[in-house]
Each structure stands twice: as C-alpha cells, then as structure tokens.
Amino acid sequence: MATPRGEFKSRLGFLFAAAGSAVGLGNIWGFPTQAASNGGAAFLITYLAMAFVLAYPVLMAELLIGRHTHQNMVTALSSLPRRAFWRRIGALTGIGGLITASLILSFYGIVSGWMLGFAASYPLDAAGLSGQAQWLTGFGISRNLLLMLVFMALTMAVVLGGVEEGIERWSRRLMPLLIVTLISLALYVLTLEGAVTGLKVYLLPDFGKILSSELLLDALGSAFFSLSLGVGTMLIYGSYLSDKVHVPSIGAQVALLDVGIAVLAGFLILPAMYVADARGVAIFNEAGGLLSEDTLIFSVLPGLFETMDTAGVLLATAFFLLMSIAALTSSISMLEVPVAYLIEQHRMARGTATLLAGGTIATFSSLIVLNFDTLFGAVITLSTRYSQPLLGLLVCLYAGWLWQRDALLAELKKTDALAEHRLFWRVWPLYVKWLCPVIIGIILAQSVL
Ligand code: PHE
C-alpha cells in the first residue's frame, strides 16, 4: 500500500518553504562574516558566480528529480537509472545525503540553540534576571545541551505536523517576519556612525583575495550550504511540489531569494561591525585581521548592543530572534530528509519517524556537546566542505547521465508544452552533464590534494 504523500498547497507556500530552507545561519551569519574577512565585494562576486553558475543548476537537478519521482532521495536516485549497478549507487548516494543532512542538523541544532539563548537573555536581563541571562549566554555543557534540546524539540514539533500543516504553515508565517525584521534592522544600523566604513569594506572589492583555491572552495561550500544542496532537502521539497508548478522558474525564484537575503544580511552585519568598532568594541585581532566568525556574532554584536541601552535590548532580541527563525525554517528541512525516508521506505508513521530521526540526531548532537573541541569543527568540515559538494556532484551525474533524456523532457513538458524550444532545455541538460561535475570536481580535488 502506498503511503499518501504530502503536497504543498500553494506555489507561494512552496516558495516560502524552499527559501526558508535555503535562508538560514549560512546567509545571515556565514556569508557576511566570510565576506568581511575575504576581500568584501571580491568574495561577494565569487559567491554570486558560484551561486548562479554552479549552485542554481544543481538546485534545479534536485527539484526536478524530486518532482519527477515524487520520492525521497534514496528511492528517487535509485529509480532513475536502468542498470541495477547504478540503481544501487543511487541508493547509496541517497543514504549519504540522509546522513549528511543529519550531521548538519546535529551541529546546526547546537548553534541555533545559542541563538535562542541569546534571544531570551536580553528580555530576561532587562527584567532583572541577570543570573539566568548570563547562564544562557555563557559557554557551558548544560546550557549547550538544554538549548540544543529545546531547538530540536521545536524542529520536531513542526515536522510532526507534516508537509502542509507543519512545514508549509510555519514557513508562511515565519519567512515574511524574517524579511521584515532583517530589512528594519539593516535600515536602523545604516543610520549609525561607522556604518559607512562597513559598507565600503563590503562593496569595494579587494581582488587580491579572489582567486585563491581556498577562497573558491569556501565560496563554493558557502553557496552549496546556503542553497541546502546535495543532501536531499531540495529534492524532498521538490517531491512535494504539485505537477502544475513550472520548476525552472520557481527554482530561479528560490535561488534569487536566497542570494538576495544573503546580500541583504551583508548590509546589516558589516555596517554593524564597524559601528561597533566606532564605539570602541574590538573587531580586529592582534594580527590586524578580523575576529573569527563566532566571536563576531557572539561577542562583537552583543558588545555593540550593550552600548545602546533600551534600543540595544530591542535590537538584540530582534536580531537573535531573526537568527532563530532563519535557523528553524532550515532545520525542519534537514529533519524532513530522514523522516521522509523512514516514512516511505520503512512505512513508519510520521510521528514515529520524527521521534526516531529527531531523537537520534539529538543524541549525536549531545555527543558533540560533550566532546566539543574534537567533534564540533570536524563534523562541520566533513559535512559542509567535502560531503555536500561531493554529493552535489553525484546528483549532477544522476541528472545528467543516468536520467533518460525523454523522461526528463516529459517532466518539463508537464507544465510547458513547448519545453524543448526553451533556453533551459538547450542549456541545462548539457550543463549538469559536463560543466557542473567538472568544475565541482576540480575545486574539490584542489582542496584535497
Ligand atoms: N541553507 C541553510 C543555511 O543557509 C543550511 C542548510 C544546509 C539547510 C543543508 C538544509 C540543508 O543555513
């Protein structure tokens, strides 16, 4: 008996959910801080190039495979090729995606917990509960554990509701709130003294840094992470997309929203750093470089908020809530990957699948908390720097080489009778077949060798 599958109720619901998955800590925190330390606009340009030249085609591959098969990544990739060998490799790739999505969630949950902690600490402090507020923001095992568990519980609660009542409903509520908060915060910060210096750093490129292979890999990794690629998230969201929606155009909108919000976040974070500088908060290390990414968010910005009295409390709460919302709309998409697999492949009820997958990930997360110094950085590097681009490469190979051309065309023709005359059909199939795997391969090989 086939399990009844969820489906996004509206085009807009899908757009918010997919953009919600894409827009996360990667955009609002990762991208601006990386841009700040890597030549400002030079990084911005590299990132934009990576996003449109490499990440968008891979996004399309995931969305189209998902929509075509209406299956999770494991079943989807194993159903595309004709030969048994490639079917098996497809299933393995899907499992790799599922494991990587879970690994990402296991560190993402910890960092998102910190965001919740910071968001709660400002109102608590203002209400006179400064001991509690300090506990929430100070690094410690019990605090890291508790906040991670709270965040994981929120994630599981949304995923438990299913595609329409959980993921779509919450994305539709949270995404507009996120965009409004981000724009308001940026506009406010831009009026403060020092902001213009930040703008200059952001917008005037330092091309000395642009072509190092390290930077290319960083920008590629960021673009893949930011668009949630390689791990089956976009594939599973695509699989919940109605056959009436034109995938190439909605994919482009998701990519534009994602990149747009990252760029917008740059207009908040970089000026805020230099406003902090103007107010005497240290933003450079002894070597004259910028402080590392985590210090920027968890000490420079709080330092800045402290110089602002009541406005600071409001601003800080809004900022960390913004981060928490961005994180939640992403974490639900990560959890949906193993959950959908368990439901479809192992015929579990959604409740059981959510508890099992969420519980396992939270347990692994706890292990990371307990062995923070050894595991935290290692899990991030493994999952985002290597695993994600590698899986993205494999997805391209499946879309480009192992998916029959007529089946692909039939998929595109569902919403466009003239699909074979479009630019997309002329360019994209060749592009994912040759260009994407080669470029991703070169960048990956360079970083390994
Ligand atoms: N795109 C999310 C972000 O930018 C992270 C993410 C990665 C989400 C992989 C889902 C899958 O923060």
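We number each residue from 1, following the sequence as shown. Read the numbers this way: they start at 1 and go in the same order the structure lists the ligands and their atoms.
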Give me the pairs of N or O atoms, one from ligand 1 and one from the protein, that sit under 3.5 Å apart.
{"residue": "ligand 1", "atom": "1 (N)", "partner": "Ser21", "partner atom": "O", "Å": "3.2"}
{"residue": "ligand 1", "atom": "1 (N)", "partner": "Ala22", "partner atom": "O", "Å": "2.9"}
{"residue": "ligand 1", "atom": "1 (N)", "partner": "Phe225", "partner atom": "O", "Å": "2.8"}
{"residue": "ligand 1", "atom": "1 (N)", "partner": "Ser226", "partner atom": "O", "Å": "3.0"}
{"residue": "ligand 1", "atom": "1 (N)", "partner": "Ser228", "partner atom": "OG", "Å": "3.1"}
{"residue": "ligand 1", "atom": "4 (O)", "partner": "Ala22", "partner atom": "O", "Å": "3.0"}
{"residue": "ligand 1", "atom": "4 (O)", "partner": "Gly26", "partner atom": "N", "Å": "3.4"}
{"residue": "ligand 1", "atom": "4 (O)", "partner": "Asn27", "partner atom": "OD1", "Å": "3.1"}
{"residue": "ligand 1", "atom": "12 (O)", "partner": "Leu25", "partner atom": "N", "Å": "3.1"}
{"residue": "ligand 1", "atom": "12 (O)", "partner": "Gly26", "partner atom": "N", "Å": "2.9"}
{"residue": "ligand 1", "atom": "12 (O)", "partner": "Tyr108", "partner atom": "OH", "Å": "2.6"}

Please step through salt bridge (charged side-chain N to carboxylate O under 4.0 Å, His left out) for the pair Arg67 and Glu411, ending with a clear verdict. CA-CA 8 Å; Arg67 222 278 293 273; Glu411 176 56 37; 2.6 Å; yes

Heavy-atom side-chain proximity of Leu59 to Leu229 below 4.5 angstrom: yes

Does the side chain of Trp403 reach to within under 4.5 Å of the side chain of Tyr398, using non-hydrogen atoms? no

Quick one: side chain to side chain contact (heavy atoms under 4.5 Å, CB included) partners of Ile297, sequence neighbours excluded? Trp29, Met115, Ile269, Leu301, Phe319, Phe320, Met323

Using 30° and 60° as the class limits, which term best fits the ring planes of Phe8 and Phe14: parallel, tilted or perpendicular? perpendicular

For Trp434, is the CH2 atom crowded, meaning more than 12 foreign heavy atoms sit under 6.0 Å from it? no

